[in-house]
Each structure stands twice: as C-alpha cells, then as structure tokens.
Enquirer: 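I am attaching a structure below and will ask some questions about it afterwards.
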2 protein chains.
Amino acid sequence: MRADAKRNYDRIVEVAREVFREQGYDASLDEVAKRAGVGPGTLYRHFPKRENLLDAIMQSWVDRVTEASEKALAYEGADRELLLRWFEEYVALISLHKGGPAKITSAMGDPTSPILTKCQVLTSANDRVIERLREDGVLRDGVDTVQVCRLVGGIATVADQGDLGAAAVRPLLEIVADGLLR
Amino acid sequence: MRADAKRNYDRIVEVAREVFREQGYDASLDEVAKRAGVGPGTLYRHFPKRENLLDAIMQSWVDRVTEASEKALAYEGADRELLLRWFEEYVALISLHKGGPAKITSAMGDPTSPILTKCQVLTSANDRVIERLREDGVLRDGVDTVQVCRLVGGIATVADQGDLGAAAVRPLLEIVADGLLR
DNA sequence: CACGATACGGAGACCGTCTCCGTTTAGCAA
DNA sequence: TTGCTAAACGGAGACGGTCTCCGTATCGTG
C-alpha cells in the first residue's frame with residue numbers, strides 16, 4: 001500500500017468512526033469523504049460497501065470484546081450476577097453506535113456478512129461465559145450460545161431504537177437471565 | 001372527501017399493502033404511486049409521511065390483534081402454555097411485514113409516532129393476557145406490560161432481521177416465558 | 001530524474017423523497 | 001344543461017444520498 005493511500009485509509013476510518021457515532025450507521029458516506037478531505041471515489045475504492053468501512057472501524061472493538069468477557073469470567077460471585085454483568089457488558093459493546101445492535105445481531109446469522117468475523121469474536125466471548133455456567137450445572141438444558149446472543153441482542157435492539165437507558169434494560173436482562181438459569 | 005379523492009385514497013392503501021408485503025417497509029413510495037396510477041403529489045397529499053400510509057394500512061390489522069388476544073384468553077390450559085400461545089400470536093402479528101417488529105416495537109415508546117394508537121391496541125391486548133396471569137398469581141413481581149412487549153418485540157425483531165422461522169423462535173419465547181413466570 | 005504503477009477526486013448517472021404549482025375535475029346551484 | 005369554484009390531481013424538478021468512471025496527479029523504484 002502506498003504511503004498516501006495508507007494516510008487516506010486511516011484518515012477515513014478515523015473520521016467515519018466520529019461521524020457514525022454522531023449520526024448512526026446510515027450517515028452519508030459522501031459526508032465522511034468530505035470531512036476526511038478526500039473525494040468519494042477514494043472512499044469507495046477503499047471501502048466498496050458501507051459494511052467494509054464498518055468492518056475497519058471495528059478493529060479496535062474486538063479487543064474490547066475479549067477484554068470484557070475476561071473481566072466477566074474473573075468475577076467471583078453468584079452465577080446469576082456473573083451472567084447479568086456479562087449481559088450488561090454485551091449490551092454496551094454492541095450499542096456503541098446507533099443501529100449497532102440490529103446490525104451486529106443480524107450479521108451473526110448471515111454467512112456472507114463482511115462483519116461476520118468480528119461478530120464471531122463476540123459469539124465466542126459469549127460462549128466462554130455460557131460454557132462456564134454450563135460446567136457449573138446451572139444452565140437450562142438445550143440452550144446454545146446463539147440463542148443467548150439473540151435474546152440479549154433483541155433487548156439491545158429495542159433499547160437502541162427506543163432510547164432506553166440502562167435502568168430500563170436491567171430488568172429485561174434479569175428476566176432473560178432467570179429464564180436461562182435453572 | 002370528494003369521490004375521486006376517496007377512490008385514489010383507497011387504491012393507494014390497497015397497492016401499498018401489496019408493495020410493502022413484497023418489498024418491506026422501505027419500498028419506494030413513488031413506486032407505490034406509479035402502481036396505483038396516481039402522481040407522487042397525490043400520494044404525498046394524502047399521506048405526508050411514510051408513517052401515515054402505514055397507519056392506514058394497519059386499520060384491518062387492529063381487528064386481528066384483538067381477535068388474537070381473545071383467542072389466547074379463551075385457552076383453557078396451563079398458564080405457561082397460554083402465555084406461549086399469546087407470544088407466538090404476538091410475534092406473528094408484528095411480523096406480517098418485513099421490518100414490522102422493529103417499527104412497531106420502537107413506536108411504542110415514541111409519543112409522537114403516527115402509528116402510536118395502533119400500537120396501543122397491541123399493548124392493551126398484551127395487557128389483558130398479562131393481567132390474567134397476574135390474577136392467577138403466577139407472574140413474577142414487578143413485571144409490567146411494556147417490558148413484556150419489549151422482550152417479545154426484541155425476539156421478533158432479531159427473527160425478522162435474521163430470517164428465523166417459528167422453530168428457532170419458540171425456544172427463545174420459552175426462555176422469556178419461564179423468566180416471567182414464578 | 002524518468003517512468004510505470006498506483007492512487008486520487010470530481011463530474012455525473014441513478015434513485016428515492018418530497019414540493020410546487022399549473023391543470024383538471026367534481027359537484028352544486030341556477 | 002351550463003357555469004362556476006373549491007378540491008384534487010399529477011408531473012416536473014429540487015434535493016440529497018450512493019456509487020462509478022476516467023482523466024489527472026503522485027509515489028517510489030530503477
């Protein structure tokens with residue numbers, strides 16, 4: 001990659017992160033290009049689809065994810081509380097941008113999604129928490145990771161779309177947690 | 001309303017129902033106008049916002065909703081099964097169109113939404129079921145109708161976006177139901 | 001420094017939303 | 001039936017977003 005290309009690439013990602021946080025995932029890409037001081041052509045060459053840009057933005061995000069799951073697993077307390085803490089982290093992680101919960105949760109079931117690999121990091125982080133509970137023998141029978149992601153992702157999605165705060169989300173997570181534990 | 005106006009109004013609603021079912025809630029409105037054989041101006045005069053058109057489409061839907069809740073309440077069996085049957089009806093009702101679950105669930109918390117009144121029909125139908133369970137003393141403490149709508153709406157939303165069938169949705173509903181019952 | 005590969009960026013095609021306003025029509029009254 | 005007016009129509013076009021094409025500029029190597 002040529003030096004000027006890399007400069008533009010980095011700058012676009014940086015600006016896009018800012019713009020998406022401000023305006024959500026459907027912000028204008030020409031706007032991103034303009035703010036980054038490049039032509040739309042340049043942006044679309046580096047990132048042919050909107051998703052490719054999102055993918056690039058998420059590089060730093062994957063680190064956070066693993067970190068969060070490790071933090072949750074390190075918790076020395078009741079299983080229910082461990083699960084709830086993880087759920088809250090999970091919701092926070094996918095809600096960093098407006099529209100994130102819907103985007104990420106639906107990408108999980110779509111093998112062609114460009115952000116699939118990023119989502120898999122999340123699913124496997126979730127899996128570690130779920131496995132731990134299964135080993136403790138406190139998990140409902142027949143539950144799999146994907147189902148948990150869908151349930152929590154669903155809550156995060158409605159919270160995102162309805163501008164609900166953590167206080168409104170917590171009881172919903174508790175209901176799901178209690179449904180998952182035996 | 002003049003006769004020709006009414007004719008066009010009705011025709012637009014009819015066509016829109018068809019187009020939305022085919023292409024989802026973000027189908028082109030000019031396309032709707034074209035298929036209805038009217039100019040875009042006519043469409044936008046009758047329905048200044050996309051939501052107004054959705055609202056009109058939903059007139060027949062509200063009848064289905066009350067019917068469904070009555071059917072659920074008439075069920076003579078275990079509370080858990082009653083709740084699950086209602087949940088399945090609920091999901092089906094809001095998933096009639098692609099994008100419906102997200103639209104309807106987020107409209108519930110938005111007092112300015114033009115489809116608010118339609119959603120209230122749904123919330124109060126849900127409320128009747130929840131009240132029945134509360135009277136039976138099988139409901140978890142501190143649960144309110146809105147929370148239930150959000151949980152089930154969340155599941156329906158991810159199912160809608162991920163093209164999940166009833167078979168994948170059922171276990172999720174069971175988990176939520178068990179979390180809601182004591 | 002020269003030259004080929006690489007990257008840039010803007011003009012513009014395309015599409016959806018929505019408005020403005022000149023034209024048409026319904027429906028009433030004489 | 002005819003004439004009139006308020007109501008309704010509908011299409012041209014402004015606007016904004018997406019994305020492409022291609023002539024131009026730049027990098028970095030020989």
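Keep in mind it's a predicted model, so treat the numbers as computed, not measured. A, B, ... follow the sequence lines: proteins, then strands. Residue 1 opens every chain.
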Enquirer: Would you tell me if any nitrogen or oxygen in the side chain of B:His46 comes within less than 4.0 Å of OP1 or OP2 on D:dC9?
Expert: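 Checking B:His46 against D:dC9: at least one side-chain N or O falls below 4.0 Å of OP1 or OP2.
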Enquirer: Side-chain N or O of B:Tyr44 less than 4.0 angstrom from OP1 or OP2 on C:dT19?
Expert: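 So the side chain of B:Tyr44 is outside the cut-off, no N or O lying under 4.0 Å from OP1 or OP2 of C:dT19.
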Enquirer: Nearest-Å distance, NZ (A:Lys49) to C1' (D:dT20)?
Expert: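 Interatomic distance, NZ of A:Lys49 to C1' of D:dT20: 14 Å.
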Enquirer: Calculate the interatomic distance between A:Asp10 atom CG and C:dC8 atom P; express it in whole Å.
Expert: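 The answer, rounded to whole Å, is 11 Å.
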Enquirer: In whole angstrom, give the distance that lies between atom CD of B:Glu51 and atom P of C:dT17.
Expert: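 Spelled out: CD on B:Glu51 to P on C:dT17 is 13 Å.
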Enquirer: Whole angstrom is fine here: how far is it from CG in B:Asn52 over to C1' in C:dC18?
Expert: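 One finds 13 Å between C1' of C:dC18 and CG of B:Asn52, rounded.
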Enquirer: When all nucleic acid strands are considered with a 4.0 Å heavy-atom cut-off, which category describes A:Ala27: base, sugar-phosphate, or nothing?
Expert: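 Here A:Ala27 touches the backbone only, sparing every base.
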Enquirer: Between atom CG in A:Leu43 and atom P in D:dT20, what is the gap in whole Å?
Expert: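 Distance check: A:Leu43 CG to D:dT20 P gives 12 Å.
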Enquirer: Determine, stepwise, if the pair B:Glu70 / B:Leu73 fulfils side-chain contact (heavy atoms from CB on, under 4.5 Å).
Expert: CA-CA 5 Å; B:Glu70 273 157 25; B:Leu73 285 171; 5.7 Å; no
Enquirer: Does this structure show an ion pair linking A:Arg170 with A:Glu174, if we count only N-O contacts that are shorter than 4.0 Å?
Expert: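 A salt bridge links A:Arg170 with A:Glu174.
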Enquirer: Under the side chain to side chain donor-acceptor pair (under 3.5 Å) test, which residues partner B:Arg64, sequence neighbours left out?
Expert: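 Not a single residue meets the side chain to side chain donor-acceptor pair (under 3.5 Å) criterion with B:Arg64.
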Enquirer: For a side-chain contact (heavy atoms from CB on, under 4.5 Å) check, start with the C-alpha distance between B:Val129 and B:Tyr90, then their side-chain angles and the critical distance, and finish with the verdict.
Expert: CA-CA 11 Å; B:Val129 176; B:Tyr90 187 107; over 6 Å; no
Enquirer: Can you work out whether B:Asp30 or B:Ala5 has the more 5'-proximal nearest nucleotide on DNA chain D?
Expert: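 Nearer the 5' end of the strand: B:Ala5.
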Enquirer: What's the closest nucleotide to the side chain of B:Arg50 if the choices are D:dT20, C:dT17, C:dC18?
Expert: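 Nearest nucleotide to the side chain: C:dT17.
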Enquirer: Aromatic rings B:His46 and B:Tyr9: how do their planes relate, parallel, tilted or perpendicular, breaks at 30° and 60°?
Expert: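 The rings of B:His46 and B:Tyr9 stand perpendicular, inter-plane angle above 60°.
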Enquirer: If you apply the rule side-chain contact (heavy atoms from CB on, under 4.5 Å), what do you find for B:Val38 with B:Arg11, and how did you get there?
Expert: CA-CA 9 Å; B:Val38 303; B:Arg11 175 133 185 74; 5.9 Å; no
Enquirer: Take the protein atom CG of A:Leu53 and the nucleotide atom C1' of D:dT18, then report the distance between them rounded to whole Å.
Expert: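 About 14 Å, once rounded to whole Å.
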Enquirer: For residues A:Arg17 and A:Ser60, report the shortest heavy-atom separation together with the two atoms involved.
Expert: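 The pair with the smallest heavy-atom distance is NH2-OG, 4.0 Å.
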Enquirer: Rounded to the nearest angstrom, tell me the gap between atom OH in A:Tyr9 and atom C1' in C:dC8.
Expert: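 Atom-to-atom, A:Tyr9 to C:dC8, this comes out as 17 Å.
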Enquirer: On DNA chain C, nearest-nucleotide positions of A:Pro40 versus B:Glu31: which is more 5'?
Expert: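 Upstream on the strand: A:Pro40.
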Enquirer: Using OP1 and OP2 only, check whether a side-chain N or O of A:Ser28 sits under 4.0 Å from D:dG16.
Expert: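 Negative; the distance criterion is not met.
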Enquirer: Output one letter per nucleotide in nucleotides 20-30 of chain C: B when a protein non-hydrogen atom lies under 4.0 Å from the base, S when only the sugar-phosphate is that close, - when neither is.
Expert: -----BSS---
Enquirer: Starting at atom CD of B:Gln23, determine the distance to atom P of C:dC15, rounded to an integer number of angstrom.
Expert: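 It is 14 Å, rounded to the nearest whole Å.
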Enquirer: May I ask you to verify if any side-chain N or O of B:Asn8 is less than 4.0 angstrom from the OP1 or OP2 atom of D:dA8?
Expert: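 So the side-chain polar atoms of B:Asn8 never come under 4.0 Å of the phosphate oxygens OP1 or OP2 of D:dA8.
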